[in-house]
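Each residue takes its place number in the sequence, starting with 1. The basis for the numbers below is simple: all heavy atoms, side chains too, and nothing from hydrogens, waters or symmetry mates.
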Amino acid sequence: MEVLRRSSVFAAEVMEVFDRSPTDKELVSQAKALCRDYINSRLIRAGVSWSKAEPGTLVPGGKLAEVSTILLRLGDELEYIRPNVYRNIARQLNISLHSETVVTDAFLAVAAQIFTAGITWGKVVSLYAVAAGLAVDCVRHAQPAMVHTIVDCLGEFVRKSLVTWLKSRGGWADITKCVVNTDPSLRSHWLVAAVCSFGHFLKAIFFVLLPER
């Protein structure tokens, strides 16, 4: 998948910043790498991945790869609880996928609504689930290049709205604290952490205003 391909050198550089306090730029680069990995996972699951398998964006066994695994696991829980919320995003927002401006504006509007009442890891995972759901819609509607737009858009949102919060928590590795064990009770723990994400996202789906689209 061309829009998701990144060199192993870049992936290694992104991973290495976990050994020190990451800069704003590095946090955004990590956010985008995690987004590409999340999207790739959801495209494969939806059966709309590219014809040829592409190398992953993250180094296996690296710290960012561990973060990605946790992010995907929590995303699974979120999508299990509200499966219809994170599917057919474009149809729910009633937008065309042929315009980069429309897709960007819609994604940013939803992102802003998700974090209206503050930032939690549950809401961060919700943001990634929205990005992936929208990316799946784009590929299904023959707009694969729009995936790159979504990744960049998420990165820009992280830069403007989430970087300060991420730095206060020590970076992306803090999300691993959301998973304390593999006990089935994890689902109840995750429900408590993520429940307020649903209200904000659902509000965005039904009340975000996108005139003339």
Side-chain angles (χ1 to χ4, degrees), residues 1-6 11 31-58 60 64-100 102-111 113-114 121-155 157-158 175 179 186-187 190-191 194 197-198 200-202 204-206 208 210 213:
M1 186 181 296
E2 289 302 322
V3 296
L4 300 180
R5 187 191 296 273
R6 290 294 184 274
K32 292 169 70 172
L34 290 168
C35 187
R36 285 188 290 270
D37 209 47
Y38 198 110
I39 287 174
N40 189 52
S41 171
R42 293 314 186 237
L43 287 172
I44 291 172
R45 188 176 71 180
V48 291
S49 58
W50 307 100
S51 58
K52 294 183 179 179
E54 297 292 340
T57 62
L58 307 178
L64 192 59
E66 179 185 358
V67 170
S68 183
T69 298
I70 297 301
L71 183 62
L72 285 165
R73 179 178 176 183
L74 296 177
D76 286 341
E77 294 292 330
L78 196 62
E79 294 168 39
Y80 175 84
I81 297 165
R82 290 289 188 275
N84 294 329
V85 171
Y86 301 100
R87 297 175 186 167
N88 302 311
I89 303 291
R91 184 170 66 189
Q92 293 189 67
L93 291 174
N94 192 29
I95 60 171
S96 166
L97 297 174
H98 298 280
S99 167
E100 183 175 316
V102 170
V103 172
T104 296
D105 288 352
F107 179 78
L108 290 176
V110 172
Q113 286 290 338
I114 291 174
W121 279 120
K123 294 177 184 180
V124 172
V125 176
S126 183
L127 178 68
Y128 276 77
V130 172
L134 192 55
V136 169
D137 287 346
C138 289
V139 175
R140 281 177 168 161
H141 289 82
Q143 298 295 324
M146 205 67 76
V147 174
H148 184 64
T149 297
I150 294 170
V151 172
D152 285 345
C153 196
L154 182 141
F157 182 82
V158 169
I175 197 174
V179 180
L186 168 65
R187 180 163 288 126
W190 175 237
L191 260 170
S197 294
F198 301 143
H200 287 287
F201 180 64
L202 288 171
I205 286 293
F206 293 110
V208 67
L210 297 171
R213 291 167 194 169

If you compare all heavy atoms of [X] against all heavy atoms of [Y], which two are closest, and at what distance to 0.1 Å?
X    : Y    : answer
I89  : G133 : CG1-C, 3.8 Å
C138 : I150 : SG-CD1, 4.0 Å
C35  : L154 : SG-CD1, 3.9 Å
S68  : D37  : OG-OD2, 2.5 Å
I95  : A106 : CD1-CB, 3.7 Å
M146 : L97  : CE-O, 3.1 Å

Under the rule for side chain to side chain contact (heavy atoms under 4.5 Å, CB included), what residues qualify as partners of [X], not counting sequence neighbours?
X    : result
S41  : L72
A132 : Y38, I39, R42
S99  : T101, V102
L108 : T104, C153, F157

Counting only N and O atoms by type, is there a donor-acceptor contact under 3.5 Å from the side chain of [X] to the main-chain atoms of [Y]?
X    : Y    : value
Q92  : R87  : yes
D137 : A90  : yes
Y86  : S126 : no

_Run the side-chain contact (heavy atoms from CB on, under 4.5 Å) test on W121 and V124 for me, step by step, so that the C-alpha distance in whole Å, both residues' side-chain angles and the decisive distance to 0.1 Å come before the verdict._
CA-CA 5 Å; W121 279 120; V124 172; 3.9 Å; yes

Give, for atom [atom1] of [X] and atom [atom2] of [Y], the distance between the pair rounded to the nearest 0.5 Å.
X    : Y    : atom1 : atom2 : answer
T149 : L134 : OG1   : CG    : 10.0 Å
I81  : E77  : CD1   : CD    : 6.0 Å
N84  : R82  : CG    : CZ    : 10.0 Å
E66  : I175 : CD    : CD1   : 11.0 Å

_H98: partners by side chain to side chain donor-acceptor pair (under 3.5 Å), with sequence neighbours left out_ = Q143

Is [Y] close to [X] at the side-chain level, that is, under 4.5 Å between some pair of heavy atoms?
X    : Y    : value
V110 : I114 : yes
R45  : D76  : yes
L78  : V85  : no

*Those residues that, when tested against R140, pass salt bridge (charged side-chain N to carboxylate O under 4.0 Å, His left out) (two or more places apart)*: none

